[in-house]
Amino acid sequence: QVQLVESGGDSVQTGGSLRLSCAASGFPFSRYYMAWFRQAPGKEREGIASIDRTGTDVATLYRTSVLGRFTISKDNANNILYLQMNSLQPNDTGVYYCAADRTAYGLHNSYAYWGQGTQVTVSS
């Protein structure tokens, strides 16, 4: 049974940092593409960062609005996906989801497996 469990969401002030984690189980993590998405109140879910199966830095893709502030990483030894978020702004507020797919890669919504999400709130 595939499970993706996000954690690390919190309430922070503008300029703060958070690290989100996504613990994966039930599938061969090292063979899957992974991504982080977020959904702000009243808006559609959007992809913000993705990483290929190997988890190397060269295999990452970011939404323009988070480039240089967020870093996605993949620990294939421990089956954990991370999202380091720095210089947080109020428009980063939302529910953050991790997603996994065997063949899909990028910031689209076609990933097969999704977690339940973790709330991030950034206040000014």
Side-chain angles (χ1 to χ4, degrees):
Q1 179 181 358
V2 172
Q3 282 196 320
L4 296 171
V5 181
E6 302 94 336
S7 62
D10 204 345
S11 296
V12 297
Q13 292 189 330
T14 297
S17 297
L18 286 174
R19 188 175 79 157
L20 305 184
S21 299
C22 172
S25 62
F27 65 98
F29 184 76
S30 64
R31 299 180 188 177
Y32 273 60
Y33 299 92
M34 303 291 296
W36 285 99
F37 291 76
R38 73 182 173 200
Q39 187 166 21
K43 295 187 178 180
E44 294 186 353
R45 187 170 57 192
E46 61 182 13
I48 56 173
S50 64
I51 191 165
D52 88 341
R53 292 172 293 184
T54 65
T56 59
D57 289 343
V58 296
T60 56
L61 184 66
Y62 294 94
R63 191 172 195 84
T64 302
S65 60
V66 307
L67 193 62
R69 301 188 298 122
F70 290 11
T71 303
I72 187 172
S73 60
K74 189 171 185 272
D75 182 350
N76 283 336
N78 294 296
N79 291 2
I80 302 175
L81 180 73
Y82 296 103
L83 184 68
Q84 177 66 43
M85 306 187 295
N86 299 325
S87 302
L88 283 162
Q89 303 167 6
N91 59 7
D92 292 319
T93 294
V95 179
Y96 283 69
Y97 302 89
C98 66
D101 198 279
R102 190 174 60 84
T103 60
Y105 173 68
L107 304 181
H108 51 80
N109 279 291
S110 301
Y111 285 73
Y113 304 113
W114 295 82
Q116 293 300 307
T118 186
Q119 176 70 45
V120 172
T121 303
V122 185
S123 58
S124 57

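The figures here come from the full heavy-atom set of this structure, side chains too, leaving out hydrogens, waters and symmetry mates. Just so you know, residue 1 is the first one in the sequence shown, and it goes up from there.
The hydrophobic cluster containing V95 does not contain V5, counting ILVMFWY residues as joined when their side-chain heavy atoms lie under 4.5 angstrom apart, directly or transitively. By the rule that hydrophobic residues join a cluster once side-chain heavy atoms approach within less than 4.5 Å of another member, L61 and Y82 end up as members of separate clusters. Cluster membership for Y33 and L107, using ILVMFWY side-chain heavy atoms within less than 4.5 angstrom, is shared. With hydrophobic clusters built from ILVMFWY side chains whose heavy atoms lie under 4.5 angstrom apart, L20 shares a cluster with V12.
A cation-pi arrangement is absent between K74 and Y32 under the rule of less than 6.0 angstrom and at most 45 degrees off the ring axis.
Summarising the geometry of D75 relative to F29, their closest heavy-atom pair is O-CE2, 3.5 Å, with the distance given to 0.1 Å. A pairwise comparison of heavy atoms in I72 and M34 identifies CD1-O, 4.3 Å as the closest pair. What you find for A59 and T54 is that their closest heavy atoms are CB-OG1, 4.4 Å. The minimum heavy-atom distance between D92 and V120, with the atom names listed, is O-CG1, 4.3 Å. In plain terms, the two heavy atoms of S17 and S87 that are nearest each other are OG-N, 4.3 Å. Scanning both residues, L4 and A24, for their nearest heavy atoms gives CD2-CB, 3.7 Å.
No donor-acceptor pair closer than 3.5 Å links the side chain of E6 to the backbone N or O of C22. Proximity of a side-chain donor or acceptor of R45 to a complementary backbone N or O of Q39 within less than 3.5 Å is not detected. A donor-acceptor pair is defined here as one N or O able to donate and one able to accept, closer than 3.5 Å; such a pair exists between the side chain of D101 and the backbone of A112. Y111 contributes a side-chain N or O that, together with a main-chain N or O of G106, makes up a donor-acceptor pair within less than 3.5 Å. Between the side chain of T14 and the backbone N or O of Q89 there is no donor-acceptor pair closer than 3.5 Å. Of the possible polar contacts, none joining the Y105 side chain to the R53 backbone as a donor-acceptor pair under 3.5 Å is found.
Ring centers of F37 and W114: under 6.0 Å apart, within the cut-off.
Taking 4.5 Å as the limit, some side-chain heavy atom of E46 sits within range of a side-chain heavy atom of R38. Using a 4.5 Å cut-off on side-chain heavy atoms (C-beta onward), T93 and Q119 make contact. Annotation: side chain of I48 is in contact with side chain of Y96 (closest heavy-atom distance under 4.5 Å). Taking 4.5 Å as the limit, every side-chain heavy atom of T118 sits out of range of all side-chain heavy atoms of S7. W36 places none of its side-chain heavy atoms less than 4.5 Å from the side chain of I51.
Separation of atoms OG (S123) and CG (L88) is listed at 10.5 Å; rounding is to 0.5 Å. To the nearest 0.5 Å, the span separating OG on S21 from CG on L83 amounts to 9.5 Å. With rounding to the nearest 0.5 Å, the separation of CE in M85 from OG1 in T71 is 11.0 Å.
Under a cut-off of 6.0 angstrom, the local environment of CZ in F27 is crowded, with over 12 non-hydrogen atoms contributed by other residues, nucleotides or ligands.
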